[in-house]
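Just below is one structure, and these are the notes that go with it.
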2 protein chains.
Amino acid sequence: MNAPVKPLRRTRIQTEKRDLILNAALEIFSTHGFRGSTIDQIAEAAGMSKPNLLYYFRGKEDIHETLIEKLLTTWLEPLRELDDVRDPLVEIRSYIRRKLEMARDFPRESRLFANEILQGAPRILPLLEGELKLLVDEKVQIIRSWIKAERIAPTDPYHLIFSIWATTQHYADFDVQVRAVLGTDRGGEGRFEDAARFLENLYLDGLRPKT
Amino acid sequence: MNAPVKPLRRTRIQTEKRDLILNAALEIFSTHGFRGSTIDQIAEAAGMSKPNLLYYFRGKEDIHETLIEKLLTTWLEPLRELDDVRDPLVEIRSYIRRKLEMARDFPRESRLFANEILQGAPRILPLLEGELKLLVDEKVQIIRSWIKAERIAPTDPYHLIFSIWATTQHYADFDVQVRAVLGTDRGGEGRFEDAARFLENLYLDGLRPKT
DNA sequence: AATTTTTTTGACCGATTGGACAAACGTTAG
DNA sequence: CTAACGTTTGTCCAATCGGTCAAAAAAATT
């Protein structure tokens, strides 16, 4: 009967059910946003009653917060891996590939994040100005050193990173639009390979004809 | 006392108040999404009572629908203007500039659209598969002709368009994140000029060093 | 098997939501 | 001036919201 929310030790059922709830909540939150989602929806998607769900989480906010926290750790992983052990162009190409794979494999996480940012990042603004900015600033230094060494063309490192975020996450966040425009024939899973090839070409050589 | 919603002729007050409401609704919808916004919020932002607002629109859905319709006509204008009278690279550069200007001058419209797509485009999917796809297909033909004539490097026209949408709208939709990362010093209005310069370089020549 | 602990649920609550309505208030044309 | 029409608002309503609670059911412990 006692407080089940923050148990020092978790029972088997608790870990299982919490995961079940978080998965259902990710589905709902990522497609309707925070305010557009209801606890009842999440409970139904998780196959349990609302009071039962509230036995495992303090409330709607608690679920969302847990989800966002879990997301952010894995979300920035690709950028963390960007370092200067390999050739700069190979490094950037790898980063694009990894981000594109995340858009393909974790579209719900991408949309959850997009929803949060779109609405002014009310819950994670401090994190963006702190942890995220620090990480980006660090990688910007690496890119600057590449430019100084003339290993890549001179360019704005911040906007380079923004453009990679934008182009890759687009395939998760705007998936409906992408599929609608590509149509049934080209809208299959092959679109991610096409996107990877296109972005690779774009970031390496741009559009200007060689001849 | 009669139906004020679809009057054949509109009084001066009706046009004024409808505009006032639509402007307020754009502000609210674009930052909270459809379900996250309330009629009371919109009414307050428009400086009138809820029943008064409902005198001018049939309901929440009606306002949103009017907003989306009005948005789509102007939103695709830059793409419509893309033709092959000028040099392909100039044409693409102009398109990027125009889209970037729209992200700067109409961020609320961009976010309204992003919200709609993020949530699966429940209200405008037919339009995406119809009107939008037709327009894109038309422009894809132009780009293909450029490639065939070797006036731009061979590339995937669809993903080229997607990447331009993504990179430009990013500055409206993810504005909070962009500002947070750039910090107070570089986050001013100059960021749009920086972005324009970066994207121009990227799309023309890519990152590979010249030497 | 008996008991303790964890899990699940039905019923309920106050607050907020989108919207209806009639009455009051303004405006304006005759 | 006044009747007709356009505009505004206070009040109300049913539905839905997030969340509580006590009690039943199931599991785990002894």
Side-chain angles (χ1 to χ4, degrees), chain A residues 1-29 31-68 115 119 122-123, chain B residues 1-22 24-29 31-68 119 122-123:
Chain A
M1 194 211 274
N2 247 343
V5 173
K6 277 213 167 178
L8 296 172
R9 299 175 189 182
R10 272 185 193 138
T11 68
R12 172 185 54 88
I13 296 186
Q14 276 167 10
T15 20
E16 281 176 11
K17 289 296 170 78
R18 279 180 65 98
D19 271 11
L20 194 68
I21 292 169
L22 287 176
N23 186 52
L26 178 58
E27 188 70 33
I28 303 296
F29 279 139
T31 49
H32 298 102
F34 180 75
R35 288 207 50 192
S37 306
T38 71
I39 302 187
D40 294 270
Q41 275 179 299
I42 298 172
E44 196 195 329
M48 64 178 68
S49 67
K50 178 169 64 174
N52 194 13
L53 182 148
L54 286 170
Y55 172 72
Y56 293 103
F57 287 91
R58 249 165 304 183
K60 192 180 173 183
E61 196 87 37
D62 187 22
I63 305 175
H64 192 261
E65 194 186 318
T66 309
L67 229 36
I68 291 272
N115 259 306
Q119 309 190 356
R123 287 166 254 270
Chain B
M1 198 208 274
N2 246 343
V5 174
K6 278 212 170 181
L8 295 173
R9 298 176 191 180
R10 273 184 192 139
T11 68
R12 174 185 53 89
I13 295 186
Q14 276 169 10
T15 18
E16 281 176 12
K17 289 295 171 79
R18 278 180 67 99
D19 271 10
L20 194 69
I21 293 170
L22 287 176
L26 178 58
E27 188 70 32
I28 304 296
F29 279 139
T31 49
H32 299 101
F34 180 75
R35 287 207 50 190
S37 306
T38 70
I39 300 188
D40 294 270
Q41 276 180 297
I42 298 171
E44 195 194 330
M48 64 178 70
S49 67
K50 177 167 63 173
N52 194 11
L53 183 148
L54 287 170
Y55 171 73
Y56 293 103
F57 287 91
R58 247 163 308 185
K60 192 180 173 182
E61 195 88 37
D62 186 22
I63 305 175
H64 192 262
E65 195 185 318
T66 308
L67 228 37
I68 291 271
Q119 309 191 354
R123 287 166 256 268

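The chains referred to below are lettered A, B, ... by the order of the sequence lines, with proteins before strands, and numbering in each begins at 1.
- In terms of heavy-atom proximity, A:I42 sits nearest to A:I21 at CG2-O, 4.2 Å.
- At least one side-chain nitrogen or oxygen of A:Q14 sits closer than 4.0 Å to the OP1 or OP2 atom of C:dT7.
- Taking each heavy atom of B:M48 and B:N52 in turn, the nearest pair found is CB-ND2, 3.9 Å.
- Contact between B:L20 and B:A46 at its shortest, heavy atoms only, is CD2-O, 3.3 Å.
- With contacts defined as side-chain heavy-atom distances shorter than 4.5 Å, the pair A:I63/A:I39 does not qualify.
- Sequence neighbours left out, the pairs with a member in residues 33-49 of chain B that pass salt bridge (charged side-chain N to carboxylate O under 4.0 Å, His left out) are B:D40-B:K50.
- Judged by distance alone, with hydrogens and angles left aside, the side-chain atoms of B:Q41 form a donor-acceptor pair with the main-chain N or O of B:T38 at under 3.5 Å.
- Between the P atom of C:dA20 and the NZ atom of B:K60 lies a distance of 14 Å, rounded to the nearest Å.
- We find the CD-NZ distance between B:E65 and B:K60 to be 14.5 Å, quoted to the nearest 0.5 Å.
- For DNA chain C, the residues of residues 39-46 of chain B within the heavy-atom distance limit of 4.0 Å (strictly under) are B:I39, B:D40, sorted by number.
- Partners of A:H64 under the ring-ring contact (aromatic ring centres under 6.0 Å, His included) rule, at least two apart in sequence or in another chain, are A:F29, A:F34.
- Of the side-chain N and O atoms in A:R35, one or more sit less than 4.0 angstrom from OP1 or OP2 of C:dT17.
- The CZ-P distance, from A:R18 to C:dT6, rounds to 16 Å in whole Å.
- In terms of phosphate contacts, A:K17 brings no side-chain nitrogen or oxygen within less than 4.0 Å of OP1 or OP2 of C:dT6.
- Spacing between atom NE2 of A:H64 and atom P of D:dC17 amounts to 17 Å, rounded to whole angstrom units.
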Identify the pairs formed between an N or O of the protein and an N or O of nucleotides 9-12 of chain D at a distance under 3.5 Å, and give each distance.
from, atom 1, to, atom 2, distance (Å)
D:dT9, OP2, B:S49, OG, 3.2

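- In this structure, CG of B:L54 is placed 12 Å from C1' of C:dT17, rounded to the nearest angstrom.
- Separating the CG atom of A:D62 from the P atom of D:dG19 is a distance of 10 Å, rounded to the nearest angstrom.
- The CZ atom of B:F34 sits 8 Å away from the P atom of C:dG18 (whole-angstrom rounding).
- Interatomic distance, CG of A:N23 versus CG of A:L67, reported as 9.0 Å (0.5 Å rounding).
- Across the helix from C:dA1-D:dT30 to C:dG30-D:dC1, the helix axis at one end is tilted relative to the axis at the other end by 10° (nearest 10 degrees, each axis from five pairs).
- B:T66 pairs by the side-chain contact (heavy atoms from CB on, under 4.5 Å) definition with B:R18, B:L22, B:F57, B:D62, not counting sequence neighbours.
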